[in-house]
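Numbering of ligands and ligand atoms starts at 1, following listing order.
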Amino acid sequence: MLDKTKIKDKLEKERDILLEELRDMGKLNPETNEWEATPEAQDFPETDQNDMADRFEDFEAKSSMIKTLSPRLNNILRALKGLNKETFGKCDVCKKDIEVGRLDANPAARTCKKHLEG
Ligand SMILES: [Zn+2]
């Protein structure tokens, strides 16, 4: 039997961590519902080329982190939403129960070990 309270707790904690990390690097665009990196505030208008390059690199790094983190967040939000549905804990492919150990390690898992995504 799945301990949904435990799973919910775990998902919410993970969600909060991810949200915190994402807020450090960007903001959620309410129109597209996608996270976007925020450029570093420009303190000095007369910045030289090196500063510009640094800033660009920083922005790129943030963007790529956001690209990694936001699908994870969406996956967790989806799992939280579906937690009380009958389909929760069932493999997307074969519709059988996902192994408890797998759900324990990754509560947002959508497939059983056999149909592991990727
Ligand atoms: Zn399966």
message: Short of 2.8 Å from the Zn ion (ligand 1), name each protein N/O/S atom, waters not counted.
response: Cys91 SG, Cys94 SG, Cys112 SG, His115 ND1
- request: Using the salt bridge (charged side-chain N to carboxylate O under 4.0 Å, His left out) rule, collect all pairs that involve residues 79-90, keeping only residues at least two apart or in two chains.
  value: Lys90-Asp97
statement: In short, salt bridge (charged side-chain N to carboxylate O under 4.0 Å, His left out) pairs touching residues 59-68 with sequence neighbours left out are Glu40-Lys62, Asp58-Lys62
query: Hey, is Asp9 close enough to Lys13 for a salt bridge, meaning N to O under 4.0 Å?
result: yes
field: Joint cluster assignment, Ile7 & Val100, ILVMFWY side-chain distance < 4.5 Å
entry: yes
query: Do Lys8 and Glu12 meet the salt-bridge criterion of a basic N to acidic O distance under 4.0 Å?
result: yes
message: If the condition is salt bridge (Lys or Arg N to Asp or Glu O under 4.0 Å), which residues does Glu21 pass it with, not counting sequence neighbours?
response: none
